[in-house]
Amino acid sequence: MATRARRSGGLSPRRVLAILLLLGVALYAGIAGASQWAHPKGKWVPLLGLDLEGGRQITLQPIVGKGQHVSAGQVDQAVDIIRNRVNGNGVSEAQISTLNSSLIVVSLPGNPSQATLNALAQSSQLAFRAVIVCNSADPGYLQGQTCTQMAAPTTTKPSASSSPTSSAPASSGSSASSGATSSGSPTSSASPSSSPRSSASSTSSGANDILPQAYLADTKTPSPKTTASLSSTDRSSSSPTSSATATPTPTPTAPQRQLPGARPEPTSASDTAWGDMPVDQIWVENGMATAGETYTQLLANFPCTQSQHVSGPAAEKWREVAAQAPADQADVMCSQDGMTRYLLGPVEVSGKEISGATWGNETNSQGVATSTIAVNLSFDSKGKSAFANVTERLLGYGQNSAQNMFAITMDGAVLSSPRTNSAITDGQAQITGNFTQSSAKELANQLKYGALPFSFKELTSEQVSPQVGTDQLQKGILAGLIGLLLVVVYSLLQYRMLGFVTVASLCVAGVFSYGLVVLLGTTAGFRLTMAGVTGLIVSIGITADSFIVYFERVRDEVRSGRPLRAAVETGWKRARRTIIISDMVNFLASAVLYVLSEDNVKAFAFTLGLSTVVDLLVVMMFTHPVLTLLARTTFFGGGHKWSGFDPDRLGARGVTYAGRGRVTIADRKAAAGAASATSGGEA
Amino acid sequence: MASFAQFGNDLYTGRRQINFIGRRRTWYLLTAVLLVIAAIGIFGRGLNFSLEFKGGSQVSVAQVKDTSNFDQRARTAVQKAVGSDENLEVTKAGASTIEVQSKKLGNGTSTDTDKVATALAKEFGVGANSVTTQFIGPSWGSSVTHKAIQALIVFLLLLAILLSVYFRTWTMAAAALIALVHDLFFTVGIYALTGIEISPATMIGFLTILGYSIYDTVVVFDKVRENTDEAIRQGNRTYAQAANYAVNQTLVRSINTSVVALLPITAIMVVGIFLLGPGTLLDLALALFFGIAVGTYSSIFIATPLLVSLRQRETSIKELNRRAKAFQTSQASVLATTGTRDQHTPGESVSGVIEPERAKAAATAMATKTRRREIHPLAKRDDD
């Protein structure tokens, strides 16, 4: 028949089979090549997903405030950063992917510690904020006691290059100030409130420290209403020089404060006037403050640990909000241990301006390593000048003043709040604190690999035991084999010898599917999960369905009275259309599932889509050519009663089917003639 | 199998026909009743969503050797680990797996879930490698559901386009899609009525049903189109008869494809129930099992009848039906004169198929009749 010749383009069934064989050989040659030369080396078995291999899978959800928007670019950036962090931790074979455009799924083999997992998810948006007020978070000490009298603050170790002169002019001005304390002496860096450890490094800065103590008095009083009176002095920090030369003029601001409704605008990031500013909208939205409340009130209500928390949102939530509070506003945070509460000025240096981070033992000014573990930061040029400004300004406050400190904040908590011993102008800073080797490494990694655009919280966390996974896989394979066996038995019962064509086709499909899964594991990182295995098992049925559609069509034609050879051709022509459209529908379903779903579903959709393609390949390039060849044998072509194409069994019995006027004896003769002509041409 | 093959042959040739289309009101009614029951299940009883949708924690300890008194032991261990065993559900899955589930373990953090995991591993004397933990935050489920619904809508839209283009008529696409939505709704209804838990794997199953059930419908519709095209050309059958004939001719194929698709799924279910316990494999298989069964039903009893109902309104189809009726009436009257009227088969009325012998007789008779008419009434023929 002309149509057949046109369709197959003159390709004989044998040639089609040869092409299929070549494809199969090429596929497995690819796997062999990958296992030899690919990096990392390919394997002969599929890569297994987390649920079969065992490991930890967490889903991270970005914490965003109202009105904030998560863009796809930010999520991609976050994925990259998390990947770097994972690799920085030496975890290999971690998978990180996105889900629903804003969720991030991290799969780690083995059993990673909770700390590692937490570190992955933290935004690590490091920020430097000036401390305005700090006090003990313990309610018993709430009033009166400032952190300068309690916990050991960490210190910034000024490097040798820090400018010794910068703060000198300020000190002269400070003597004219309130005079609450004696003017700074060069040795006053041995702050009485500092812990021995921190003071050790403080003293190392030695003669550089000329400490103006002009505002010491302010910070002694955590009650903001009183501190506000002294806060409106001009301490511009716009440039290092201006800061250095600025002479603080402690104009009393009491009259301003007394004006009802008039709040003094804070003049610098350290200004205690921030305490009288109304809190940002975000606190009100989250039910942590009422509109119009001041930061001072917020500070008093802020719970640092769950035990302090009285009513309303949990302490953890307060921290989340603190992390989201706008950078140009004051903020309230707790120290990581929950012992100290801080009122902080706006962000002055952000984590983006950090160019590098290392960790190691702290070195003192003589370059001798101490036993204290520190994280060393270096700033880029923008950060360098900003940091210089901050330190110079802070130097203007007394060593006993809370305002002398700045806070390094991350994820809504204060990592450390070092005192300022000298202005740091070379863009090098060192954070010390209660770091262990691993926590210092973690922080350095987080800083080095960049800050995530936002914090994440764990939405799900799943630990799969490898034994359970192996067990699942074995049982899954068992189920697949049983299913295959059932399909084979049913095919043989229904289609007799023809059933063997089904079995052979399924085997070919299996060989191709396996090869593709393995190869894609090597080349595209595809991993077989339980859902994927299920997809493969389910596809046995789908693949076999195509053969049934085909065989039934051929049988229809035999029933209509066609000889088998012609029946195979006409039946194929009709069945092909049905097989293609149904495979397209299935492929569409799996493609939609693949594009729009999470990891686990993706694997299922992928295997389903893959087996649809394989099905099409096998039915076109294996089943049909084989059947065409078999139709030429006497066993099948002659309609042996075990062939599955016995015209008698199919009710043809030489009767020209009458329901359809088309098929006539003339048609049959023409069909037979065409078939023999075609085969004759091929022979 | 011989009888099944014979059954298939008879359906194919029209010797035996089942009146699917003619009794479509019955199927509609039956389907409506089933759907109402499903709706009562879904909206009345509600669906039983798994932990993944509700949020919470689950710890399962596998390969436990001594499972005696597991409930009390698990509770005590949890109590010790996080201070409370409220809302705790302890179950035994399979032979040696203990599962502990709770809406909130401790403070409801993944850290506390891990604490419980360690405590349970110790209590039941297994290594950390035998413990699987799962912590699901409360907003996870809504995100999964949202995704699934999105996938559903996108799929239906693309499918509508694909089918409209393939069948070149919107009626077939519409009928196929209605059958599809029916399958999904009915399957979900089964879940609601039986209270079987819906996990994310079940959701995948639901979405896969879509592709699968349309497969069946497409196979039937392909034959329907072939037969109705022929009917329109020859004008010997009404649209309903041609469609009914197609359903009968593809019945064996539908049964075979469904059985073959269900066999591996049944294997998964058996292995899942007896060896594995609940999990991805079983949840998926169960959803597919229901879905494919319902899909086979709908492609025969809903999709094609619906297609006929939709197309009956078209003028071209009305015209065809009129022509076919006229043809069949004249054929019947001709056959009455040949005296073979009593031998008529069920296929004759429901699918417009008559036995080959009778068709031949009818054709001959028809020819004679026509010839007779050609002669002038007053003329006399030689053979009269």
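Every chain is numbered from 1 and lettered A, B, ... according to where its sequence line falls, protein lines coming before strand lines.
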Undergrad: Kindly determine whether A:Arg577 and B:Arg225 satisfy side chain to side chain contact (heavy atoms under 4.5 Å, CB included), including the steps that lead there.
TA: CA-CA 12 Å; A:Arg577 206 176 57 171; B:Arg225 187 167 63 166; 3.2 Å; yes

Undergrad: Would you call B:Glu226-A:Lys573 a salt bridge at under 4.0 Å N-O?
TA: no

Undergrad: With rounding to the nearest 0.5 Å, note down the distance linking CD1 in A:Ile542 to OG1 in B:Thr257.
TA: 11.5 Å

Undergrad: Please classify the contact of B:Ile265 with chain A as side chain, backbone, both or neither, using a heavy-atom distance under 4.5 Å.
TA: side chain

Undergrad: I'd like to know which of B:Thr113, B:Leu159, B:Asp216 tops the heavy-atom pair count under 4.5 Å against chain A.
TA: B:Leu159

Undergrad: Side chain, backbone, both or neither: which part of B:Val59 has a heavy atom under 4.5 Å from chain A?
TA: neither

Undergrad: Taking B:Thr266, B:Val259, B:Val270 one by one, which has the highest count of heavy-atom pairs under 4.5 Å against chain A?
TA: B:Val259

Undergrad: Verify side chain to side chain contact (heavy atoms under 4.5 Å, CB included) between A:Gln57 and B:Gln134, making sure each step is shown before the conclusion.
TA: CA-CA 9 Å; A:Gln57 183 167 49; B:Gln134 204 175 19; over 6 Å; no

Undergrad: In Å and rounded to the nearest 0.5 Å, what is the CD to CG distance from A:Gln472 to B:Leu281?
TA: 7.0 Å

Undergrad: Non-hydrogen atoms of chain A under 4.5 Å away: do they reach the side chain of B:Ile136, the backbone, both or neither?
TA: both

Undergrad: Look up atom OG1 in B:Thr97 and atom CG in A:Asp471, then write down how far apart they are to the nearest 0.5 Å.
TA: 7.5 Å

Undergrad: Under a 4.5 Å heavy-atom cut-off, does chain A meet the side chain of B:Phe155, its backbone, both or neither?
TA: both

Undergrad: Which atom pair, heavy atoms only, marks the closest approach of B:Ala267 to A:Ala479?
TA: CB-O, 3.5 Å

Undergrad: Quick check on B:Ala201 against chain A: is it the side chain, the backbone, both or neither that has a heavy atom closer than 4.5 Å?
TA: neither

Undergrad: Quick one: which of A:Leu486, A:Asn586, A:Leu588, A:Val595 has the most heavy-atom pairs under 4.5 Å with chain B, could you say?
TA: A:Leu588

Undergrad: Using a cut-off of under 4.5 Å on heavy-atom pairs, state which of A:Thr578, A:Val549, A:Val489, A:Leu481 scores highest against chain B.
TA: A:Thr578

Undergrad: Heavy-atom distance under 4.5 Å to chain B: side chain of A:Tyr495, backbone, both or neither?
TA: side chain

Undergrad: Between CZ of B:Phe167 and CD1 of A:Ile581, what distance do you get to the nearest 0.5 Å?
TA: 6.5 Å

Undergrad: Any idea which of A:Ala575, A:Gly541, A:Ser539, A:Ser491 has the most non-hydrogen atom pairs under 4.5 angstrom with chain B?
TA: A:Gly541

Undergrad: Please name all residues satisfying salt bridge (Lys or Arg N to Asp or Glu O under 4.0 Å) with A:Asp583, sequence neighbours left out, ordered by chain then number.
TA: none

Undergrad: Please look at B:Leu158 and chain A and tell me whether the side chain, the backbone, both or neither of the residue comes under 4.5 angstrom of a heavy atom of that chain.
TA: both

Undergrad: Please rank A:Ile540, A:Leu484, A:Leu478, A:Val538 by heavy-atom pairs under 4.5 Å with chain B and give me the top one.
TA: A:Val538

Undergrad: Checking A:Ser590 against chain B: side chain, backbone, both or neither under 4.5 Å from a heavy atom?
TA: neither

Undergrad: To the closest 0.5 Å, what do you measure between OH (B:Tyr166) and CD1 (A:Ile580)?
TA: 8.5 Å

Undergrad: Using a 6.0 Å cut-off, check whether atom CZ of A:Phe587 has over 12 heavy atoms from anything other than its own residue.
TA: no

Undergrad: To the nearest 0.5 Å, how far apart are CE in A:Met584 and CG in B:Leu163?
TA: 9.5 Å

Undergrad: Checking side-chain polar atoms at under 3.5 Å, does A:Glu552 have a donor or acceptor matched by the opposite partner on B:Asn256?
TA: yes

Undergrad: If we define contacts as heavy-atom pairs under 4.5 Å, which of A:Asp545, A:Val592, A:Thr534 has the most with chain B?
TA: A:Asp545

Undergrad: Specify the closest pair of heavy atoms between A:Ala544 and B:Val260, including all atoms of both residues, with the distance to one decimal.
TA: CB-CG1, 3.2 Å

Undergrad: Taking the side chain as every heavy atom from C-beta outward, state whether A:Arg56 and B:Thr133 have any atom pair closer than 4.5 Å.
TA: yes

Undergrad: Using the side chain to side chain contact (heavy atoms under 4.5 Å, CB included) rule, pick out the option among A:Val488, A:Leu485, A:Val487, A:Ile482 that qualifies with B:Leu263.
TA: A:Val487

Undergrad: Between B:Asp222 and A:Arg574, does any side-chain N to carboxylate O distance fall below 4.0 Å?
TA: no

Undergrad: For residues A:Arg559 and B:Gln249, determine if any side-chain heavy atom of one lies less than 4.5 Å from a side-chain heavy atom of the other.
TA: no

